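Working notes, structure below.
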Amino acid sequence: MDKLCYNIVMDKNQEKTAARKKAVKEFMIGLVAAAVGAGISFASYNSARPGGTYTVYTGVIALGVIYACKGLFGIIFPSGLKKSKEATKPAIIEQDEVADEKVES
């Protein structure tokens with residue numbers, strides 16, 4: 001019985017470890033993508049003549065930031081956000097009419 005519980009705990013830890021590794025990879029890819037977009041935008045700005053045009057790669061930067069945030073969320077919450085059992089209970093408990101009548105008498 002103890003081995004079974006130990007294996008279940010180890011499986012959950014292994015799942016969390018794998019999820020964190022994936023999240024770190026996503027975080028790093030996001031940072032690199034945002035940095036590349038910012039670097040290319042900066043190079044475009046520096047190479048533009050005074051009064052000329054340059055390109056800002058906002059899409060690459062934004063996607064990199066979003067991907068990095070997704071990875072950071074995965075690092076912090078490797079199992080995701082799960083509802084607790086109490087979160088599924090109704091906020092207002094309805095009472096039976098019979099119980100109300102007993103209280104009144």
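None of these values were measured; they are calculated from a predicted model.
Here the shortest heavy-atom pairing between I75 and A23 reads N-CB, 3.5 Å. Considering every non-hydrogen atom in both T55 and S44, the closest pair reads N-OG, 2.8 Å. Contact between A68 and L31 at its shortest, heavy atoms only, is CB-N, 4.0 Å. Closest of all the heavy-atom pairs between G64 and A33 is CA-CB, 3.9 Å. Across all their heavy atoms, P78 and K16 have their closest contact at CB-O, 3.9 Å. Residues V60 and G37 approach most closely at CG1-CA, 3.9 Å, considering heavy atoms.
L72 and M28 fall within a single hydrophobic cluster, where Ile, Leu, Val, Met, Phe, Trp and Tyr are joined by side-chain heavy atoms under 4.5 Å apart, directly or via other members. No continuous path of hydrophobic side-chain contacts links V24 to Y67 [ILVMFWY only; heavy atoms under 4.5 Å]. Each of I66 and F73 belongs to its own hydrophobic cluster when Ile, Leu, Val, Met, Phe, Trp and Tyr are linked at side-chain heavy-atom distances under 4.5 angstrom. Note on V65 and I76: separate hydrophobic clusters, where clusters join Ile, Leu, Val, Met, Phe, Trp and Tyr whose side-chain heavy atoms are under 4.5 Å apart, directly or indirectly.
Distance SG/C69 to CD/E26: 12.0 Å, rounded to 0.5 Å. Atoms NZ and CG, from K70 and L63 in turn, are 12.5 Å apart once rounded to the nearest 0.5 Å.
Taking the ring pair (Phe, Tyr, Trp, His ring centres under 6.0 Å) definition, one finds that Y45 meets it with Y54, sequence neighbours left out.
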